[in-house]
**Q** 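Below is the structure I would like to discuss, written out as structure tokens.
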Amino acid sequence: MNTRSKIGQKLKRRTNILVILAILTISIPLIFLFSWNYVKNSVYNMNVISDQIVDQMNDSCKSVIQYAGWITTDKRLLSLIKEYDLAREAEPSLYAEPVQNTDFTQIPKDSSYYENLISNQLTELAGMSASIQDIVLLLDDGRVFRSVFINDSDIDSILCSDWYQKQEKKNYLKFFSPDGQDNFTFCAPLESMSGLYGKIILTFRADSLIQLIQTADKTFRHYVWLDTWNQPFYSSSGEAAFDYAPVLDHSARYRLQEDFILNRGSGIYITHISEVTRWKFIAYVPYHELLGNFFPIFIILILSVLFVVLLASFILNPLIRNIIEPLEVLSLHMKKVPDGEEALVDIRTGDEIEDLSHAFNQMALELQKHIRRLLENEKTKQQMKYGLLISQINPHFIYNTMNTINYLARKGRNEDIVVLNNALIRILKDSLRINDISVFDTVEQEIDVVKQYMTIQSCRYADQIRVFWEVAEDVLKWKIPKHIIQPIVENALLHGFLSEDLSDWDEEPFIRIQVYKKTDADQLVIRIEDNGVGIDMENYRKLCLEADRQEEDEASRGNHIGLANIRWRLNYLLKEDQALTVERAEPHGTVVTILIGIQN
């Protein structure tokens, strides 16, 4: 397994996530701030542009006002008007008598003569400007002077127009009015410019002014110009009309006669009011258009952040790897500790991780010592317990043997006593071999112990119980746990045949001992069958429960210590590689079967 395993993947992933979150935490507010400043600066720039457009229009209209003032102060014009007044005063007596003098140079001029001169002078003054078309002077005494190219009907239409009537009521000093798409009209009182009393009306072409107004097309897609009465006279070309009512409502509600910016849910309104013409310029910028211009920049910012994240990951990965790899190695060795493997680790990073590895090595060494000490103690404890369980057989067996010796002594069977003592000595000699800590023995040795035991028991039962030996030759050298056959045979004798006199049994008492290899598996079969009274299965289940708890009470120790003892030792030594079953034989008796995995 590669030391660069998945141990540190979670830590690497979290570290990368932390780095990404740190970058995003810094970049997102910066992007938001930049976006806000961009939108704010865009609105500011558009506000400046619209203000410049209105200022340029004011300058153009101021030139018209200046030109009107220059017209009303023209000396020749004022002189002709004065002569016109004198001529009118002299007209009632001018033709009272017939004219006798034929010198026409001496004939006084009438008012129509001077009126034509004034009209020509006004036409000449209008021609001095590229934009002025017509000039009309409306004096308070009813006199009307006009340039050549405007007639009485045109003057009447001006005087009857709504804008003229309204400005008359408002008494504006200076008033500009759009007159269709091609012309504009300027009206102002004469007394504010010269010594005359009345009004001057100038009509001028809108070419230059319209060209100036149309410069807004470069910046705004939606705009409109309103006259003094808030009526639109020019709007952006090629775009659908927009609703500028919120601007008028806001202006009327707060009585604003100055420039302002109004934010609404759909967009931004930029409003400028001309101080010369009192016209309103209203531009509307929808939010989607405003942000649409920012979208490419926003994409560039996002790509820049992603590039910074990738660059940071590329730069930080070696640093993260240098930090994490020692932790991976340390974690990998920590996982070896529960398995008892060598867990010492050699980390030389010169930082706290190296100090941690030294502490871990010290802990691992102490833990290994403690585990070895516990294992040795547990091994000693289990060996003592195992030896105790085996030794428990000997007092029980010796107790029964001594009873048999007493029985033989009472019968005076001295030779049998000698045979019994020899057999007992051989059994005890085998039992003393437990001190070599060997818990397994060959089948041959175990069978010999059983035979010695049966020799002892034959002195008591004589030939009343027959023993059938069916031991395969190829299993004699195979190893099995010590003392697992003799206790079962002993139980068969003591608990299977309760009566010492078996002569009146319906069938000949027997014990059959079979040891052979199972044909379909590498298992040794030990089968012990008797035709005694049979085992109490209820009591046997109780013994099984006690064996599972690895405990035995005094009652079981005295009655059936062999089965409980053997069951515990098989579980302890062979774990799952063994099986012990006890069942009743038909028509009576007990069959004990042990399956043991073949031990090398």
Side-chain angles (χ1 to χ4, degrees), residues 54-55 57-74 77-78 81-82 84-85 118 122 125-126 129 131-147 150-180 183-204 206 209 224-234 247-260 271-282:
V54 174
D55 286 343
M57 191 198 67
N58 287 338
D59 293 338
S60 179
C61 292
K62 285 180 181 178
S63 66
V64 174
I65 296 174
Q66 292 175 355
Y67 196 80
W70 178 72
I71 291 173
T72 58
T73 57
D74 182 70
L77 178 62
L78 294 177
I81 292 174
K82 185 177 181 180
Y84 171 81
D85 292 340
I118 293 173
L122 291 175
L125 291 175
S129 174
S131 59
I132 301 298
Q133 288 182 318
D134 300 302
I135 303 174
V136 178
L137 297 178
L138 301 175
L139 302 181
D140 287 345
D141 56 4
R143 291 173 295 171
V144 178
F145 301 106
R146 63 179 181 271
S147 59
I150 187 171
N151 53 39
D152 293 337
S153 61
D154 294 332
I155 296 175
D156 291 338
S157 63
I158 292 175
L159 296 180
C160 295
S161 63
D162 291 338
W163 70 264
Y164 185 82
Q165 298 296 325
K166 290 179 180 178
Q167 68 89 22
E168 278 285 294
K169 294 179 181 179
K170 295 292 185 180
N171 196 23
Y172 289 124
L173 294 178
K174 302 177 182 64
F175 188 84
F176 286 86
S177 175
D179 189 8
N183 299 314
F184 287 89
T185 305
F186 170 71
C187 178
L190 290 172
E191 55 267 25
S192 63
M193 303 178 186
S194 66
L196 300 175
Y197 293 91
K199 293 184 182 297
I200 181 172
I201 299 175
L202 300 180
T203 62
F204 56 94
L209 197 58
V224 66
W225 283 90
L226 304 181
D227 61 13
T228 308
W229 320 114
N230 293 330
Q231 297 299 318
F233 66 86
Y234 191 87
V247 175
L248 300 180
D249 293 340
H250 185 78
S251 178
R253 180 180 302 174
Y254 297 100
R255 297 183 179 180
L256 294 178
Q257 295 299 324
E258 57 186 13
D259 304 340
F260 61 88
T271 303
H272 288 275
I273 299 177
S274 171
E275 61 183 9
V276 176
T277 63
R278 289 182 294 277
W279 295 343
K280 291 184 178 66
F281 173 79
I282 302 175

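Remember, predicted model here, so these are calculated numbers, not experimental data.
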**Q** Mind running side-chain hydrogen bond (donor to acceptor under 3.5 Å, both in side chains) on Asn183 and Thr203 for me, showing each step along the way?
**A** CA-CA 7 Å; Asn183 299 314; Thr203 62; over 6 Å; no
**Q** Decide yes or no on side-chain contact (heavy atoms from CB on, under 4.5 Å) for Thr185 and Leu202, but give the supporting numbers first.
**A** CA-CA 6 Å; Thr185 305; Leu202 300 180; over 6 Å; no
**Q** Give the intermediate values and the outcome of side-chain contact (heavy atoms from CB on, under 4.5 Å) for residues Tyr234 and Val224.
**A** CA-CA 6 Å; Tyr234 191 87; Val224 66; over 6 Å; no
**Q** Verify, without hydrogens or angle tests, whether Ser129 (side chain) and Ala126 (backbone) share a donor-acceptor contact under 3.5 angstrom.
**A** no
**Q** Show, in sequence, the C-alpha distance, side-chain angles and deciding distance for Ile135 and Ile201, and conclude whether the side-chain contact (heavy atoms from CB on, under 4.5 Å) test is met.
**A** CA-CA 6 Å; Ile135 303 174; Ile201 299 175; over 6 Å; no
**Q** Got a salt bridge between Glu191 and Lys199, using NZ or NE/NH1/NH2 to carboxylate O under 4.0 Å?
**A** no
**Q** Which heavy atom of Pro178 sits nearest a heavy atom of Trp279, and at what distance?
**A** CD-CZ2, 3.8 Å
**Q** On a heavy-atom basis, which atom in Cys187 and which in Gln167 lie closest, and how many Å separate them?
**A** SG-NE2, 3.8 Å
**Q** Taking the side chain as C-beta and beyond, is there a heavy-atom pair between Arg146 and Asp152 under 4.5 Å?
**A** yes
**Q** For His272, which of Ile282, Val54, Asp55 qualifies under side chain to side chain contact (heavy atoms under 4.5 Å, CB included)?
**A** Val54
**Q** Between Leu139 and Phe145, which heavy-atom pair has the shortest distance, and what is it?
**A** CD1-CE1, 3.4 Å
**Q** What is the distance from atom CD1 of Ile158 to atom OG of Ser177, rounded to the nearest 0.5 Å?
**A** 9.5 Å
**Q** May I ask you to decide if the ring planes of Phe233 and Trp225 are parallel, tilted or perpendicular, using 30° and 60° as cut-offs?
**A** tilted
**Q** Measure the spacing between CD1 of Ile200 and CD1 of Ile71 and express it to the nearest 0.5 Å.
**A** 5.0 Å
**Q** Before you tell me yes or no, could you show the steps for Tyr172 and Trp163 under ring-ring contact (aromatic ring centres under 6.0 Å, His included), namely the whole-Å CA-CA distance, both residues' side-chain angles and the distance that decides it to 0.1 Å?
**A** CA-CA 11 Å; Tyr172 289 124; Trp163 70 264; over 10 Å; no
**Q** Give the ring-plane orientation class for Phe204 versus Phe184, where under 30° counts as parallel, over 60° as perpendicular and anything between as tilted.
**A** parallel
**Q** Would you check if Gln66 and Trp70 make a side-chain contact, meaning some heavy-atom pair closer than 4.5 Å?
**A** no
**Q** In sequence, state the C-alpha distance, the side-chain angles, and the governing distance for Asp154 and Val136, and then conclude on side-chain contact (heavy atoms from CB on, under 4.5 Å).
**A** CA-CA 10 Å; Asp154 294 332; Val136 178; over 6 Å; no
**Q** Can you measure from CD1 (Ile132) to CZ (Phe186) and round to the nearest 0.5 angstrom?
**A** 9.5 Å
**Q** Looking at Lys62 and Glu275, what are the two nearest heavy atoms and their distance?
**A** NZ-OE2, 3.8 Å
**Q** With a 4.5 Å heavy-atom cut-off, do Leu196 and Leu78 have their side chains touching?
**A** yes
**Q** Does the Asp259 side chain pair with the main chain of Ile273, one donor and one acceptor, at a distance under 3.5 Å?
**A** yes
**Q** Within the side chain of Gln165, is there an N or O that forms a donor-acceptor pair under 3.5 Å with the backbone of Leu159?
**A** yes
**Q** In Å and rounded to the nearest 0.5 Å, what is the CG to CD1 distance from Leu137 to Ile81?
**A** 5.5 Å
**Q** Please answer whether the main-chain N or O of Leu248 pairs with a side-chain N or O of Ser251 as donor and acceptor at a distance below 3.5 Å.
**A** no
**Q** To the nearest 0.5 angstrom, please state how far the CG atom of Leu173 sits from the OG atom of Ser192.
**A** 6.0 Å
**Q** Could you check whether any side-chain heavy atom of Thr271 comes within less than 4.5 Å of a side-chain heavy atom of Phe281, counting everything from C-beta outward?
**A** no
**Q** Shortest non-hydrogen contact from Ser194 to Thr72?
**A** CB-O, 3.2 Å
**Q** For Met193 versus Thr73, what's the shortest heavy-atom pair and its separation?
**A** O-CG2, 3.5 Å
**Q** Should the pair Lys166 and Trp229 be classed as cation-pi, given the thresholds of under 6.0 Å to the six-membered ring centre and 45° from the axis?
**A** yes
**Q** Checking the side chain of Thr277 only, and the main-chain atoms of Ser274 only, is there a donor and an acceptor separated by less than 3.5 Å?
**A** no
**Q** Evaluate the side-chain proximity of Phe175 to Thr228: yes if any heavy-atom separation is below 4.5 Å, no if none is.
**A** yes
**Q** About how many Å separate OH of Tyr84 and CG of Leu77, when rounded to the nearest 0.5 Å?
**A** 13.0 Å
